[in-house]
Structures are given as structure tokens and as C-alpha cells.
Amino acid sequence: LGELPCSSSLAHPPAIERKKVDTASPNSASSRPCHRLTPSMSALVVALSLATVAPEGRVSTRREHSRHAPRRESPSAGYYGSVALAGALSCSVTHSLVVPIDVVKIRMQTDASLAGPRAAVAAVMAGAPCQCLGSRIRPFFNGVGATSAGYLLQGAAKFGGYELFKRSALAALHERGERGAAFARQFALPIMLTSAACAEVVASAALCPLEVLKLRLQTDPALASLGLRRGALSLARHEGAAVFFKGFVPIALRQVPYT
């Protein structure tokens, strides 16, 4: 190790060393703190480095990852069937429950002599064949069969069609590679809105014939006495099949925005 310096040399260090100490500034490189990686950070860096290395030792790119990544499997027909069934039941049940309100509304719209909802309710009950409780309640459910069947079809086409159109559009974009996937991510909301609108146009076409039949049953007592099936046949015989699609555009304009 050599001899220890004497006390005089410790008390009076060389001039060049004293100059280095005196001129050192706090911002110099020697005075800056050394930022070292902690063990956990080092392990993370190593793990990320190993994750991006291909089996042959090459560094894999993002395109290679996307090419070798497993593709998403498209939903089965059972999935679309379940969605359509759920939509059919929800729409059919909810619209059937509010048929009495619809009957009162239509009565107020077609009879200018009625002063308000109470007068419309009284007018509907007065049209019953007898004054027993069942006969007085039955007119409020006039057209419930057409409503139930119409919205059964409409709900199935709306919810099932939305899932079908949306997933088909997204799958077609992802098939175009990274550019298509980026477009799908950027315009996800417009794609979903367009899919819903297309599905509702189809659903409105399925609803329109039964909606026309429901309105005729609610406003024509003679036609209502025939029932749903015979009333539809009578309407087609006298006015033609085109009568069932009268008012399709207003129905679609009413259904598409809230869908």
C-alpha cells in the first residue's frame, strides 16, 4: 500500500488539487447525482427486451406481431339468434303492455269531439257490447295481437341486425390490415350508428304491415270483429297487398333516430 503521507502534506495539499476543488461548480457533471436503475426497473427492461425478440433472435416488428396474433373468431349463428330472441321478446312485451295507452291516443287523434284523455277513455268503454267489467276492458287491448307480432319481428331484426351489421363491418375493416384496424378504432361510433340505422330500416319494413293492420283494427270496429288473421285477409282483398306498406317512410323516420 505504500507509506502514509506525513501530516504536513495532508495539511497543505498540492496547488493543482486545491484549484480543482475550488473551481468545481454545483452544476458540473461530477457534482450531479447518478440515476441508477432499481432492481425492479432492471427486471422490467429485461422482460420487455426479451418479449420483443423473435425465436430466431431477431427483433420482431409490430407488423409481425399483428400477423402472428390469433384472429378473433366470428360469433356463431347461435349468438345472433340469442340476441334476436332477446330483442324480439323485449320489444314485443313492452309494446304490448302499453297498447291501452295507444288505443286512447288514437281515439283522441281521430275524434275531434273528445275534450281530453278522460273523455277518450269513456268513449272507448262506451263502445263495449255490454257493460260488464271484462267487456269494458277488452276494447283497450284492441290490436294487441298485431302489436305483439309486429314488434316481435321488429325487435328481432333490430337487435340481431345491429350485431350482424356492426360485426361484419368491423371484421371487413380488420381484414384490410393495420390501416383498416386503425380506421375501425377511429370511427367506431359512426360505424355503430350506421349499423343501427341499417338494422332499423329492415326492422321497420318488417313492422310496417302489422302496424297498418293494428291501426285499422283500432279504428274500424267492423274489421276488428273479424280478428287478426281474417282482418288481414279482408284488408288485402279489398285494398291490395300494397296497403300494408302505406306510411313506411314516416314509420322509418320515427324509428331510426331513437334506435
Side-chain angles (χ1 to χ4, degrees), residues 84-117 119-121 123-129 137-165 193-259:
L85 179 61
L89 293 177
S90 61
C91 289
S92 180
V93 171
T94 53
H95 282 83
S96 298
L97 291 176
V98 298
V99 164
I101 301 175
D102 195 39
V103 169
V104 174
K105 180 202 73 172
I106 291 176
R107 192 60 180 264
M108 294 176 63
Q109 290 174 338
T110 56
D111 192 347
S113 63
L114 299 176
V121 170
V124 172
M125 296 177 68
I137 292 177
R138 191 175 297 114
F140 288 99
F141 290 92
N142 193 12
V144 67
T147 299
S148 178
Y151 280 96
L152 193 75
L153 299 176
Q154 189 258 0
K158 175 167 65 176
F159 287 94
Y162 166 69
E163 286 294 320
L164 179 62
F165 291 147
L193 291 176
T194 305
S195 301
C198 294
E200 183 52 50
V201 171
V202 177
S204 298
L207 171 66
C208 189
L210 290 158
E211 186 76 1
V212 171
L213 182 58
K214 181 203 72 170
L215 292 173
R216 294 297 185 91
L217 293 174
Q218 290 176 343
T219 56
D220 189 349
L223 191 65
S225 63
L226 298 177
L228 180 62
R229 186 178 63 85
R230 292 196 301 167
L233 293 175
S234 175
L235 195 61
R237 188 181 304 114
H238 291 90
E239 300 186 35
V243 69
F244 292 107
F245 288 94
K246 284 185 175 181
F248 168 71
V249 173
I251 289 176
L253 291 176
R254 180 192 69 185
Q255 296 289 118
V256 168
Y258 79 83
T259 300

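- Looking at every heavy atom in both residues, S234 comes nearest to L226 through CB-CD1, 4.0 Å.
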Side chain to side chain contact (heavy atoms under 4.5 Å, CB included) between T94 and Y151, intermediate numbers included = CA-CA 9 Å; T94 53; Y151 280 96; over 6 Å; no
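- Side-chain N or O atoms of S148 include none that pairs as donor or acceptor with a backbone N or O of V144 at under 3.5 Å.
- Atom CG of residue L228 and atom CG of residue L233 lie 9.5 Å apart, to the nearest 0.5 angstrom.
- The heavy-atom pair separating P139 from V124 by the smallest distance is CB-CG1, 3.7 Å.
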- Item | Audit row: F140, V104, side chain to side chain contact (heavy atoms under 4.5 Å, CB included) steps and yes/no | CA-CA 8 Å; F140 288 99; V104 174; 3.9 Å; yes
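- At least one donor-acceptor pair under 3.5 Å links the side chain of S204 to the backbone N or O of E200.
- Contacts classified as side-chain hydrogen bond (donor to acceptor under 3.5 Å, both in side chains) and involving residues 216-226 (residues at least two apart or in different chains) are given here: R216-E239.
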Might you work through the side chain to side chain contact (heavy atoms under 4.5 Å, CB included) test for E211 and C208, ending with a clear yes or no? CA-CA 5 Å; E211 186 76 1; C208 189; 5.5 Å; no
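- L164 CG to F159 CZ: the interatomic distance, rounded to the nearest 0.5 Å, is 15.0 Å.
- For the atom pair L97 CG and D102 CG, the distance stands at 13.0 Å (nearest 0.5 Å).
- Residue Q154 holds its CD atom at 10.0 Å from CD1 of I251, rounded to the nearest 0.5 Å.
- For the atom pair CD1 (I106) and CG (L215), the distance works out to 4.5 Å, reported to the nearest 0.5 Å.
- For the pair A120 and L114, the tightest heavy-atom approach, listed with the atom from each and the gap, is CA-CD1, 3.7 Å.
- The minimum heavy-atom distance linking G155 with C91 is given by the pair CA-SG, 3.6 Å.
- Within the model, atoms CG of L223 and CG of L213 stand 7.0 Å from one another, a figure rounded to the nearest 0.5 Å.
- Looking at every heavy atom in both residues, A197 comes nearest to V256 through CB-CG1, 4.0 Å.
- The two atoms that bring V212 and V243 nearest to each other are CG1-O, 3.5 Å, heavy atoms only.
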